[in-house]
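I have placed the structure first, in the form of structure tokens, so that the comments after it can refer back to it.
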Protein chains: 2
Amino acid sequence: MNIGEAAARSGLPAKTIRYYEDIGLVRPARDGNGYRAFVEKDIHKLAFLARARSLGFTVEECRVLLALYEDDDRASADVKSIATEHLDRIDRKISELEGMRATLSHLVERCHGDGKPDCPILADLAGEEVTS
Amino acid sequence: MNIGEAAARSGLPAKTIRYYEDIGLVRPARDGNGYRAFVEKDIHKLAFLARARSLGFTVEECRVLLALYEDDDRASADVKSIATEHLDRIDRKISELEGMRATLSHLVERCHGDGKPDCPILADLAGEEVTS
DNA sequence: GCTTGACCCTCCAGTCACTGGAAGCCCTAA
DNA sequence: TTAGGGCTTCCAGTGACTGGAGGGTCAAGC
């Protein structure tokens, strides 16, 4: 199976698959003509990676998760600890974004958005106190 | 005023200030010895940038916001439209993260996290259906 | 006058996870 | 035989810094 079909079946762009090979996440065989030759197991790995990435794991975490997946003697505690850490990271990011949203939406509400220069958004950025 | 004090007063690392000069966001004067010489207005600009960045605006948006701030004939509508777009971006990002969090926390709850290999998190990543 | 240490300078490389593009080979169908 | 599409490698760029090397400058203390 060539890279085009592997891309279609795994949901990853061909470029990304090549990149994953570069960094050693997958090692597809090669045909006589130099083309990558993917087998079912490769597709399975790629789909695993696609799913893990879509859940926000870093590629290094994906590397570890994949290794655990392929290790029949793994401890689920190792998987859970990676996922829990990532969950914390997500929570922190959400809090940060919600803080931004609170401030910004407050300012946007107060901005007339007309042709005049008066603007509470700029006033806030400039460090001026915006009352109410 | 040297870059060290400018950093302390604006809340930005010296490295970041040099970078902002590189990309043309600020243009501090120079002393005879080649040291950057910051004046109050520079500090004000840097603080503006620090605040805008902390609210998640990209540096290119910061560039535009700063230009609007310095333009007495600006229309607040221009500022508001940038802020509104950014707000939408934040909302999309939060939704994305909340989707990840929902899936992940569901999986983490179901993982025993013990010494055995059985793991619903890996099962999900591998595309197996995880019931309940 | 000299040393020490804290500051400042520039330039280059690395981060993360791709993505775009150039230059060129391979395969199939008309 | 030609045209096209797909495949290959390699290099460069993204955003917003950050770290580090190698070297100049300044003020204080001896």
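Values below: every heavy atom of this structure, side chains too, minus hydrogens, waters and symmetry copies.
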- Task: Spell out, as yes or no, whether a donor-acceptor pair under 3.5 Å connects the side chain of Asp114(A) to the backbone of Lys116(A).
- Result: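 Answer holds: yes.
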- Item | Pairs satisfying side chain to side chain donor-acceptor pair (under 3.5 Å), at least one member in residues 93-105 of chain B, at least two apart |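 Qualifying pairs, neighbours excluded: Asp91(A)-Arg101(B).
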- Give every residue pair that meets the side chain to side chain donor-acceptor pair (under 3.5 Å) criterion with at least one member in residues 1-18 of chain B, sequence neighbours excluded.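 Non-adjacent pairs meeting side chain to side chain donor-acceptor pair (under 3.5 Å): Arg9(B)-Glu40(B).
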[X] versus [Y]: any side-chain heavy-atom pair under 4.5 Å?
X         : Y         : answer
Glu61(B)  : Arg53(B)  : no
Met1(A)   : Arg36(A)  : no
His106(B) : Arg110(B) : yes

- In Å, rounded to the nearest 0.5 Å, how long is the span from CG of Leu55(B) to CG of Leu104(A)?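 The CG atom of Leu104(A) is 5.0 Å from CG of Leu55(B), to the nearest 0.5 Å.
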- Message: Assess whether a salt bridge exists between Arg27(A) and Glu21(A), defined as any Lys/Arg side-chain N lying under 4.0 Å from an Asp/Glu carboxylate O.
- Response: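 Between Glu21(A) and Arg27(A) there is no salt bridge, as every charged N stays at least 4.0 Å from the carboxylate O atoms.
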- Message: Quick test of your reading: applying ring-ring contact (aromatic ring centres under 6.0 Å, His included), list the pairs with at least one residue in residues 36-71 of chain B, sequence neighbours left out, ordered by first then second residue.
- Response: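 Every ring-ring contact (aromatic ring centres under 6.0 Å, His included) pair that includes a residue of residues 36-71 of chain B, provided the two are not neighbours, is Phe48(B)-Tyr69(B), Phe57(B)-His86(B).
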- Message: Under 4.0 Å, heavy atom to any atom of DNA chain D: which of residues 11-41 of chain B qualify?
- Response: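 Contacting residues: Pro13(B), Lys15(B), Thr16(B), Tyr19(B), Tyr20(B), Asn33(B), Tyr35(B).
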- Query: To the nearest 10 degrees, what angle separates the axes at the start and end of the helix from dG1(C)-dC30(D) to dA30(C)-dT1(D), five pairs each?
  - Reply: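 Angle reported: 30°, given to the nearest ten degrees.
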- Query: Within this structure, what is the CD1-to-P distance between Ile3(B) and dC7(C), rounded to whole angstrom?
  - Reply: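 That distance rounds to 13 Å.
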- More than 12 heavy atoms of other residues, nucleotides or ligands under 6.0 Å from CG of Asp118(A): is that the case?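 No, CG of Asp118(A) has 12 or fewer neighbouring heavy atoms, counting only those of other groups under 6.0 Å.
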- Query: Along DNA chain D, 5' to 3', what are the outermost nucleotides having an atom less than 4.0 Å from a heavy atom of chain B?
  - Reply: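 Listing 5' to 3', DNA chain D meets chain B from dA16(D) to dC26(D).
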